[in-house]
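First up is the structure itself, then whatever we jot down about it.
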Amino acid sequence: IRSYNALLNAFVVSNQWDRVESFFAYYDTVGLSPNLQTFNVLIKGLCKRRQFDKAKMLLGGMPSHGFTPDRFSYGTILGGLARNGLLLDALELFDEMPQRGVLPDVVCYNILIDGFFKKGDFTKALMVWERLLRGDLVYPNIITYNVMLNGLCKCGKFNESVEIWDRMMKNGHRPDSFTYSTMIHGLCEMGNVDGALRIYSVMNANKFVSDVVTCNALLTGFCRAGRIGECFGLWGSMESSGSRNI
RNA sequence: CGCUGCUGCGCUCGG
């Protein structure tokens, strides 16, 4: 069943809807019963096609097949709604989850926070963040912090992003490569190339390899700031460290 | 560890 699900998922990922349909029908042909994960893959397929009502109906029909929708089922739909800017629908579903017997986990919070930021709704993003902090069952993880830092930087909220960074460190979350590149890019976009360079040196001090992502962010930052000399300096160091991708 | 949901830069091509 795992192998079948993996292949079904591959068809979903590559938007081969005709094959999704025929391959799912094939489960029955060979006498294989779909499991919870199969349903979650199908839900993802409907979301990718923006058929959210069908996705919700499939989710609602799962109990009749003997399955209870789980965090993945809800997270998939929330993610699909959020990706398409339907954040109020996502929030509504999020709020219904407890009554439906599934408590939102940190991934669900991350999806909503990220979605509201990407829609430019800074206020609602913070509202969900506050709800997360207020709760006693779910706690921010490193991805939550990355999402917050990214959103705050894109809104130009430098001071707030520093607060979040400090909170992250205080709670024992180590920055990962996403954290660093998010901050470097965010600071560059705010015109704070020197701040970005400080993060860059912290990153190197923590033995993170400066990869193509961070270097690209810095290169464009230097260029936009008119600091062409440093641009070429970094470019040269990328060659010597072998991180220059073609 | 093995099938399913969340985060970062740039480039290319489409709308």
Side-chain angles (χ1 to χ4, degrees), chain A residues 1-13 20 23-24 27 32 34-48 55 58-59 62 67 69-83 90 93-94 97 102 104-118 125 128-129 132 138 140-154 161 164 168 173 175-189 196 199-200 203 208 210-224 231 234-235 238 243-246:
Chain A
I1 183 71
R2 293 183 191 224
S3 313
Y4 280 74
N5 286 344
L7 184 52
L8 186 68
N9 186 50
F11 289 140
V12 167
V13 168
V20 169
F23 190 67
F24 177 62
Y27 279 52
L32 196 59
N35 64 8
L36 174 61
Q37 286 83 351
T38 313
F39 278 94
N40 289 342
V41 171
L42 292 174
I43 287 172
K44 179 166 71 174
L46 290 169
C47 287
K48 279 195 86 177
L58 183 57
L59 181 139
M62 284 171 63
F67 298 109
D70 65 358
R71 307 168 199 277
F72 283 70
S73 321
Y74 283 95
T76 301
I77 297 187
L78 290 176
L81 292 169
R83 197 172 288 283
L93 182 62
F94 178 88
M97 287 177 63
V102 184
D105 65 356
V106 66
V107 173
C108 297
Y109 281 91
N110 293 345
I111 290 168
L112 286 185
I113 296 170
D114 184 54
F116 277 123
F117 269 125
K118 286 195 171 138
V128 178
W129 163 252
L132 171 58
V138 187
N141 63 12
I142 186 60
I143 295 184
T144 319
Y145 284 104
N146 292 344
V147 164
M148 287 295 296
L149 292 170
N150 185 43
L152 291 170
C153 284
K154 293 232 158 95
S161 75
I164 295 293
M168 171 183 78
H173 291 280
D176 65 9
S177 60
F178 279 71
T179 321
Y180 288 119
S181 59
T182 295
M183 287 306 296
I184 289 170
H185 178 246
L187 290 170
C188 282
E189 281 212 325
I199 299 283
Y200 184 71
M203 181 183 84
F208 271 82
S210 50
D211 60 4
V212 61
V213 179
T214 54
C215 287
N216 279 346
L218 273 175
L219 286 172
T220 53
F222 282 139
C223 282
R224 273 215 280 265
C231 203
L234 178 59
W235 177 253
M238 286 172 72
S243 61
R244 203 190 269 179
N245 269 359
I246 306 294

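These numbers were taken from a predicted model, which means no experiment stands behind them. Chain letters run A, B, ... following the sequence lines, proteins first and then strands; every chain starts at 1.
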Could you check which of [options] has an atom nearest any side-chain atom of [X]?
| X | options | value |
| --- | --- | --- |
| A:N216 | B:G10, B:C6, B:U4 | B:G10 |
| A:T220 | B:C6, B:G8, B:G10 | B:G10 |
| A:K154 | B:G8, B:C6, B:U4 | B:G8 |
| A:Q37 | B:G5, B:C9, B:U4 | B:U4 |

Is [X] touching bases, backbone alone, or none of the nucleic acid, heavy atoms closer than 4.0 Å?
| X | value |
| --- | --- |
| A:K118 | sugar-phosphate |
| A:S177 | base |
| A:C188 | nothing |
| A:I143 | base |

Can you check the [X] [atom1] to [N] [atom2] distance for me, whole Å?
| X | N | atom1 | atom2 | result |
| --- | --- | --- | --- | --- |
| A:I77 | B:C6 | CD1 | P | 13 Å |
| A:M168 | B:U7 | CE | P | 18 Å |
| A:M97 | B:G5 | CE | P | 15 Å |
| A:M62 | B:G5 | CE | P | 14 Å |
| A:I113 | B:G8 | CD1 | P | 14 Å |
| A:F222 | B:C9 | CZ | P | 18 Å |
| A:K44 | B:C3 | NZ | P | 13 Å |
| A:L187 | B:G8 | CG | P | 16 Å |

- Message: Can you confirm whether A:L8 sits close enough to A:Y27 that some side-chain heavy atom of one is under 4.5 Å from a side-chain heavy atom of the other?
- Response: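 Yes, side chains in contact.
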- Query: Would you say the side chain of A:Y180 lies within less than 4.5 Å of the side chain of A:V213, judging by non-hydrogen atoms?
  - Reply: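 The answer is no; the side chains never approach within 4.5 Å.
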- Item | Phosphate OP1/OP2 of B:C1 contacted by A:R2 side-chain N/O (<4.0 Å) | no
- Query: Hey, does the side-chain of A:D105 have a donor or acceptor N/O within less than 3.5 Å of a partner on the base of B:G5?
  - Reply: yes
- Message: Suppose we call a contact any N or O donor and acceptor under 3.5 Å apart; does that hold for the side chain of A:S181 and the base of B:G8?
- Response: yes
- Query: Is it true that a side-chain atom of A:D105 and a backbone atom of A:C108 form a donor plus acceptor pair closer than 3.5 Å?
  - Reply: yes
- Message: I'd like to know if the side chain of A:K48 reaches the main chain of A:V13, judged simply by a donor and an acceptor atom lying under 3.5 Å from each other, with no hydrogens or angles considered.
- Response: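 A pair under 3.5 Å: yes.
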- Item | Of residues 3-11 of chain A, the positions that come close to RNA chain B - non-hydrogen atoms, cut-off under 4.0 Å |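 Result for residues 3-11 of chain A: A:N5, A:A6, A:N9, sorted by number.
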- Query: Taking atom CZ of A:F11 as the centre, does the number of heavy atoms from other residues, nucleotides or ligands within less than 6.0 Å exceed 12?
  - Reply: yes
Using only heavy-atom distances, determine whether the side chains of [X] and [Y] contain a donor-acceptor pair under 3.5 Å.
| X | Y | value |
| --- | --- | --- |
| A:N40 | A:K44 | no |
| A:N141 | A:Y109 | no |
| A:D176 | A:N146 | yes |

